[in-house]
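Here the structure is laid out as C-alpha cells; the discussion comes afterwards.
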Protein chains: 2
Amino acid sequence: MANSEKKISKAVIRRLPIYLMYLEELENKNVKGISSKKLGEMTGFTPSQIRQDLNNFGGFGQQGYGYSVNSLKNEIGSILGYGKNKKGIIIGGGKLGKALASYERFKYVGLEVVDIFDRNPDNIGTEIGGITIRDVSELEQYVKNNKVDVGILTIPKESAQEYTDLLVENGARGIWNFASTEVKVPEGVVVENVRLNDSLSVLMYYLDN
Amino acid sequence: MANSEKKISKAVIRRLPIYLMYLEELENKNVKGISSKKLGEMTGFTPSQIRQDLNNFGGFGQQGYGYSVNSLKNEIGSILGYGKNKKGIIIGGGKLGKALASYERFKYVGLEVVDIFDRNPDNIGTEIGGITIRDVSELEQYVKNNKVDVGILTIPKESAQEYTDLLVENGARGIWNFASTEVKVPEGVVVENVRLNDSLSVLMYYLDN
DNA sequence: TAGATTGTTAATCGATTAACAATC
DNA sequence: TAGATTGTTAATCGATTAACAATC
C-alpha cells in the first residue's frame, strides 16, 4: 500500500468491487489493457476519479499505456482481502440464510461459510450447500470452541443484537447484517448492513420522482 | 412537497428509510415526540443534517417541541411512496427469489408481488408465499397482458439484461436488480442494485483495515 | 414569559473533477 | 521521437455542519 497513513474514504472502498467486476468482464473477453478513460466509459465514473481512487493504493498504471487488466484485477482483489480465508457462520436458516449458504461467491472473496444455525426444528439437521443446519442452542458452545471471523445474520431483528453480542464476545470481528435493525458493536468490529427494506424504499421513491 | 424544483440528492433519499425505521421503533415504544437532537443520537446523524434533510420536503417540526413521531413517520412514508400499490414480479425462482417472495415488507412499502417466473421445471408449479411459480417462457405474453411496474431480478447475470429489456419494453419502470451485473435501461426507468458481492467485499476490506 | 428547538442561511469540509507535468 | 495516458496538484463542486433568528 502506497501510503497506509492517509485515510481512505468509504466511497472509494465501495467503488473497488465495481472496478473489479468490470475488470473480470474484460478479462473474460480477453482484453489485456485498459485506460482510465475506457474504464470510465464502462463504469460511469470519471477517468479522473478512477485514477484518484487507484492511486490511494499505489501506482498500478503505466503512462502512455494504461492499466494491465489482469494485474489491476489482482491488485484490487488483494486490497479487498480476497484469498484471506476467513471463517463465517450463518445465523438463521430461513429462506434467506439458505440462499446465502449456497452462494458461490463467498470462497472467491475469501470467506468460507462453515456452519449454519437455526432454531426451527424443521430446519435443524437439513443440509444446504453441503452444510448441515445446527441447533442455535449449540451456538454459544460452538463459538467458544471454534474461531469465527464473520457472523452472517439472517434472523428477525428482535434477536439480531443478542447474537451479535454472543459472536463478538467470542472473537468475531465482522457482522454481515441482513436483519432490518442496527446492531451495536465495540470499536474494531465491522458491521456491513444489507438493508433490503431501504433499497426497496429508494426504488419506490424514484419510481415517481 | 415544499419545493418540487430543488434537486434532492440521493444521499438524502437513502437516509429517509433509516429515519423511518427509528420512528417506527419510537412509535412501538409509544414515544409521541422527538427532537432532531435525540433522533441524531439514535441514528448517528447530526441534528443539523436531519433538519436539513426533512426540510427538503417540508417543515414537519414545531419550534420548541420537535417532531411528532407519528406524523413524521407518515410524512416520510408518503414521500417514499408507501401505499402506492405498485405491481411487481420476480424473475428467478431460485433460493433468493423464494426468499424475497415471502418477504412481508413488500406490501407495507406499497409493492405487491403478484407473480414469480422461473425456467427450472422443478420449480415451476410450486407455490411460495401464496404465489405459484410460472414458466418463464410465458413471461413475454404475460407482460403484454398485465401491468407490471417493477421487475425483481434474482437470476444469473447472463440473462439480466435480456429480462430487463423485455420488462421495460412492456412498461416496467423499475428494476430491483439482485444479479451481479449492471443493466442498461432507457431514461425514466429506475434501477436499484442490491450488490451482495460488493457488500461482502467491503466487509472483508474493513476486517483488516 | 422563558426555554427549547425548529427552519434556514452561512461556513466548513470533503469528495469529485480538471489540468498538466512526468514519462512510458 | 511523438502520442498517449498516468500520477498528482489545484480548482470546483456539493454535502455536511454550525450558527442563529424565528417562534412555539
Side-chain angles (χ1 to χ4, degrees), chain A residues 1-16 18-19 22-23 26 31-76 79 202 205, chain B residues 1-16 18-19 22-23 26 31-76 79 202 205:
Chain A
M1 229 167 274
N3 183 346
S4 58
E5 291 310 313
K6 188 170 29 166
K7 176 92 174 83
I8 295 161
S9 87
K10 193 157 192 174
V12 174
I13 304 303
R14 292 205 172 274
R15 281 190 294 269
L16 295 181
I18 299 176
Y19 298 144
Y22 283 99
L23 289 166
L26 287 166
V31 177
K32 301 297 179 198
I34 186 83
S35 66
S36 60
K37 182 155 175 276
K38 285 214 201 87
L39 195 56
E41 283 160 16
M42 293 177 74
T43 59
F45 302 122
T46 63
S48 195
Q49 180 166 60
I50 293 170
R51 294 203 301 278
Q52 289 273 21
D53 283 354
L54 297 177
N55 276 88
N56 282 302
F57 304 99
F60 304 136
Q62 195 174 328
Q63 280 104 326
Y65 167 77
Y67 301 86
S68 150
V69 169
N70 180 260
S71 73
L72 185 56
K73 189 201 82 166
N74 290 337
E75 291 285 1
I76 294 178
I79 292 162
V202 171
Y205 173 83
Chain B
M1 228 168 275
N3 184 346
S4 56
E5 293 310 310
K6 189 173 26 169
K7 178 91 175 84
I8 294 161
S9 87
K10 193 155 190 173
V12 174
I13 304 303
R14 291 206 174 274
R15 282 190 292 268
L16 295 181
I18 299 175
Y19 298 145
Y22 283 99
L23 289 166
L26 287 166
V31 177
K32 300 297 181 197
I34 186 84
S35 66
S36 59
K37 181 153 177 277
K38 285 213 201 88
L39 195 56
E41 283 161 15
M42 293 177 75
T43 59
F45 303 121
T46 62
S48 195
Q49 180 165 60
I50 292 170
R51 295 202 302 277
Q52 289 273 23
D53 284 353
L54 297 177
N55 276 89
N56 282 303
F57 304 98
F60 302 137
Q62 197 174 327
Q63 281 104 326
Y65 168 76
Y67 301 86
S68 150
V69 169
N70 181 262
S71 72
L72 185 57
K73 189 201 83 167
N74 291 337
E75 292 285 2
I76 294 177
I79 292 162
V202 171
Y205 173 83

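Fair warning: this is a prediction, and the values are worked out from it, not measured in the lab. Convention: sequence-line order gives letters A, B, ...; per-chain numbering from 1.
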Next on the checklist: Both B:Q52 and A:G64 contact DNA chain C. Which one's nearest nucleotide lies toward the 5' end?
Outcome noted: B:Q52
Nearest 0.5 angstrom please: [X] [atom1] to [Y] [atom2], how far?
X     : Y     : atom1 : atom2 : answer
A:T46 : A:Q52 : OG1   : CD    : 8.5 Å
A:L54 : A:L16 : CG    : CG    : 7.5 Å
A:I18 : A:L23 : CD1   : CG    : 12.0 Å
A:I76 : A:R15 : CD1   : CZ    : 11.5 Å

Mind checking if [X] touches a base, just sugar-phosphate, or nothing, with heavy atoms under 4.0 Å?
X     : value
B:Q62 : sugar-phosphate
B:S48 : base
B:Y67 : sugar-phosphate

Checklist entry - If we only count heavy atoms from C-beta on, is the A:S9 to A:V12 side-chain gap below 4.5 Å? => result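 Counting from C-beta outward, A:S9 and A:V12 do come under 4.5 Å.
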Checklist entry - Are any of the side-chain heavy atoms of A:L39 and A:Y67 separated by less than 4.5 Å? => result no
Checklist entry - Can A:F45 and A:D53 be said to form a side chain to side chain contact (heavy atoms under 4.5 Å, CB included), step by step? => result CA-CA 11 Å; A:F45 302 122; A:D53 283 354; over 6 Å; no
Item to check | B:F57/B:I8 under side chain to side chain contact (heavy atoms under 4.5 Å, CB included): CA gap, chis, key distance, verdict | outcome: CA-CA 9 Å; B:F57 304 98; B:I8 294 161; 3.4 Å; yes
Checklist entry - 5' to 3' on DNA chain C, which nucleotides open and close the contacts with chain A (atom under 4.0 Å from a heavy atom)? => result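 With heavy atoms of chain A under 4.0 Å away, the range is C:dA15 to C:dC24.
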Checklist outcome for this item: Note, DNA chain C 5' to 3' with Watson-Crick or G-U pairs under 3.5 Å encoded as ( ), [ ], | and . gives ..||||||||||||||||||||||
Item to check | 5' priority, DNA chain D, between B:Q49 and A:P47 [closest heavy atom] | outcome: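 Result of the comparison: A:P47.
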